[in-house]
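Report on the following structure.
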Amino acid sequence: MSKIRTRFAPSPTGKMHVGNLRTALYEYLIARHEDGTFVLRIEDTDQERFVPEALDIIYKTMELTGLTHDEGPDKDGGYGPYVQSERMKTGVYLEYAKQLVEKGEAYYCFCTKERLDSLRASDKTDDGKEIAKYDKHCLQLSSEEVEEKLAAGVPYVIRQNNPTTGTTVFHDAIYGDISVENEELDDMILIKTDGYPTYNFANVVDDHMMEITHVVRGNEYLSSAPKYNRLYEAFGWDVPEYVHCPVITDENHKKLSKRCGHSSVEDLLEQGFLPEAIINFVALLGWSPSDDREIFSLRELEEVFDYHHISKSPAVFDITKAKWMNGEYIKAMDMDRYLEYALPVIKKTVTRDCDLTKIAELVKTRIEVFPDITEKIDFFDKLPEYDTAMYTHKKMKTNSENSLEVLKDMLPRLEAQEDYSVAGLEALCKEYIAEKELKNGRVLWPLRTAVSGKQMTPGGAYEIMEILGKEESLSRIRKGIAMLEEAVEK
RNA sequence: GGCUCCAUGGUCAAGCGGUUAAGACAUCGCCCUUUCACGGCGGUAACACGGGUUCAAAUCCCGUUGGAGUCACCA
């Protein structure tokens, strides 16, 4: 069997969609799993929608996620050029299209936009949707008429000439055999008026020329697949293995659109997702391994990925589970790399002179996504306004009265204490707790509350006080005492 | 609307004729703990419906319903 060759063929029109990323990932994995070749091809045949920055995004995203290609515009593997606009200059597409014209599998069409529009208008459904199929009007033209128009410079396109009877059957690795009546097949345009090939045509020609063995793409191409199949047959080329992946949808089960915020890879990165978590999550959307595992590195995926296990039904992009998975990656991250991500976020919220690394460590197991940090640590910077009701906690058996008592007792001891390390503070508090025969919570709850002003905090009283330091800790405790005195009097 | 595809809990999903119908996220409860989180334990929750085929159907077939995709000189 010949070596597997897959290709990722994005069109540079904007941000990278998670659907695109997953397609790229599966293409990459299919190739890597079999020690095949993964090629990157840029499909820029639409000059209208072309946006140059999109190229950067594609390269950056692939590099970041580790989907490295073996061949592409920047890595010649002998099948170049790898950019369609450059391939066009070689004249291949027109040449192949003409070949089809000679075979009677395609024909010149001179119909104007106006005629096409009226054709559609005359054939509307109840809800106003156009169901136009080209009427093969220009197929009637004699070769003399065609030559004449061509010579006169009349703008033209070249259309595929599909049969009107019989059926076309093609095979997909995921969906099995699919058959469509030829009568349904529209004579799609192969070469546009501007001389560029359409995606449909360029795709088939390039896949053949680049010897792509597995054509992986989104399910939205399933309905045009028979037309591609006809093209292969018309040329007499071998049909590749089709792998159509189910669509990824939003929470309303609609195809992900670029507008829904969390649907582009860039957006996700901005929201604090790690590239490897995105890859892992997206891999499991529409595919599952043979066991229960859920956490996979890219290398591990390469090992176990079998595209025959791709599912048929669409998958909802569940941001909640994606966050959970990201949290798992954060917990497993080694500290140095974690700090690279966490510290910048912390610096933005905590301006006080204190050990930011300690704060970062405290919060590592408590976040799912980096921006979560901000809300959890803001109290380090500034003691928030809080209500003395917070001193009351049923389980800790604390209330305003006994909290006031504890804090007043502790204040002189804390003032005398020089060692504000976790260990030092713990020793001090444990001594007091033992002396008064109290439950830990009776002492630690009021302390933590006074020092943080929050119901819940990363770390306990010791950790927080260590980071805040003696002076700030004492000032916050004094404030707590003052607040409690006022509240108790009432 | 035509065509094509799909159908297991709220979500991702295992399952390929015989299972107490896995697992994960979410949710709820308990334990651990100075709070929260982490971690541990447990609970709630699914085969869309109707017909066949079969000794036996979530699994095969046919309908119905529901959903999605697609119908461009966009990819």
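Chain letters run A, B, ... following the sequence lines, proteins first, then strands; residues in each count from 1.
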Distance-only donor-acceptor check, side chains [X] and [Y], under 3.5 Å:
{"X": "K136(A)", "Y": "N161(A)", "answer": "yes"}
{"X": "S11(A)", "Y": "R49(A)", "answer": "no"}
{"X": "E241(A)", "Y": "Y307(A)", "answer": "yes"}
{"X": "Y228(A)", "Y": "D207(A)", "answer": "no"}

Which nucleotide, in any strand shown, forms a Watson-Crick or G-U wobble pair with [N], with both distances under 3.5 Å?
{"N": "U54(B)", "value": "none"}
{"N": "A7(B)", "value": "U65(B)"}
{"N": "C16(B)", "value": "none"}
{"N": "C71(B)", "value": "G1(B)"}
{"N": "C36(B)", "value": "none"}
{"N": "U44(B)", "value": "none"}

### Query
Any side-chain N or O of K323(A) under 4.0 Å from OP1/OP2 of A26(B)?
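For K323(A), the contact criterion (side-chain N or O under 4.0 Å from OP1 or OP2 of A26(B)) is not met.
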
### Short side-chain N/O contact from K254(A) to OP1 or OP2 of A68(B), under 4.0 Å
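Looking at the OP1 and OP2 atoms of A68(B), one of them is under 4.0 Å from a side-chain N or O of K254(A).
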
Whole-angstrom distance between [N] and [M], as gauged at atom [atom1]:
{"N": "C6(B)", "M": "C28(B)", "atom1": "C1'", "answer": "32 Å"}
{"N": "G67(B)", "M": "U8(B)", "atom1": "P", "answer": "14 Å"}
{"N": "C47(B)", "M": "C12(B)", "atom1": "P", "answer": "16 Å"}
{"N": "G9(B)", "M": "A22(B)", "atom1": "C1'", "answer": "13 Å"}

Pull out every protein N or O sitting under 3.5 Å from an N or O of nucleotides 30-37 of chain B, one pair per line with the distance.
unit_1: U33(B); atom_1: O4; unit_2: K395(A); atom_2: NZ; d: 2.6
unit_1: U34(B); atom_1: OP1; unit_2: N440(A); atom_2: ND2; d: 3.1
unit_1: U35(B); atom_1: O2'; unit_2: Q455(A); atom_2: O; d: 3.4
unit_1: U35(B); atom_1: O2; unit_2: R448(A); atom_2: NH2; d: 3.4
unit_1: U35(B); atom_1: O2; unit_2: T457(A); atom_2: N; d: 3.0
unit_1: U35(B); atom_1: N3; unit_2: T457(A); atom_2: O; d: 3.0
unit_1: U35(B); atom_1: O4; unit_2: G459(A); atom_2: O; d: 2.9
unit_1: C36(B); atom_1: O2; unit_2: R366(A); atom_2: NH1; d: 2.6
unit_1: C36(B); atom_1: N3; unit_2: R366(A); atom_2: NH1; d: 2.4
unit_1: A37(B); atom_1: O2'; unit_2: T365(A); atom_2: O; d: 3.2

Under 4.0 Å, counting only non-hydrogen atoms across every strand here, what does [X] touch: a base, just sugar-phosphate, or nothing?
{"X": "S290(A)", "value": "nothing"}
{"X": "C111(A)", "value": "base"}
{"X": "K439(A)", "value": "nothing"}
{"X": "S224(A)", "value": "nothing"}
{"X": "F281(A)", "value": "nothing"}
{"X": "V316(A)", "value": "sugar-phosphate"}

### Query
To the nearest angstrom, how far is N200(A) atom CG from U70(B) atom P?
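To the nearest whole Å, that distance equals 13 Å.
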
### Message
Output the rounded distance in Å from NZ (K227(A)) to C1' (U4(B)).
### Response
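Taking atom C1' of U4(B) as the reference, NZ of K227(A) is at 12 Å.
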
### Query
Is a donor-acceptor contact shorter than 3.5 angstrom present between the side chain of K321(A) and the base of A24(B)?
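Yes.
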
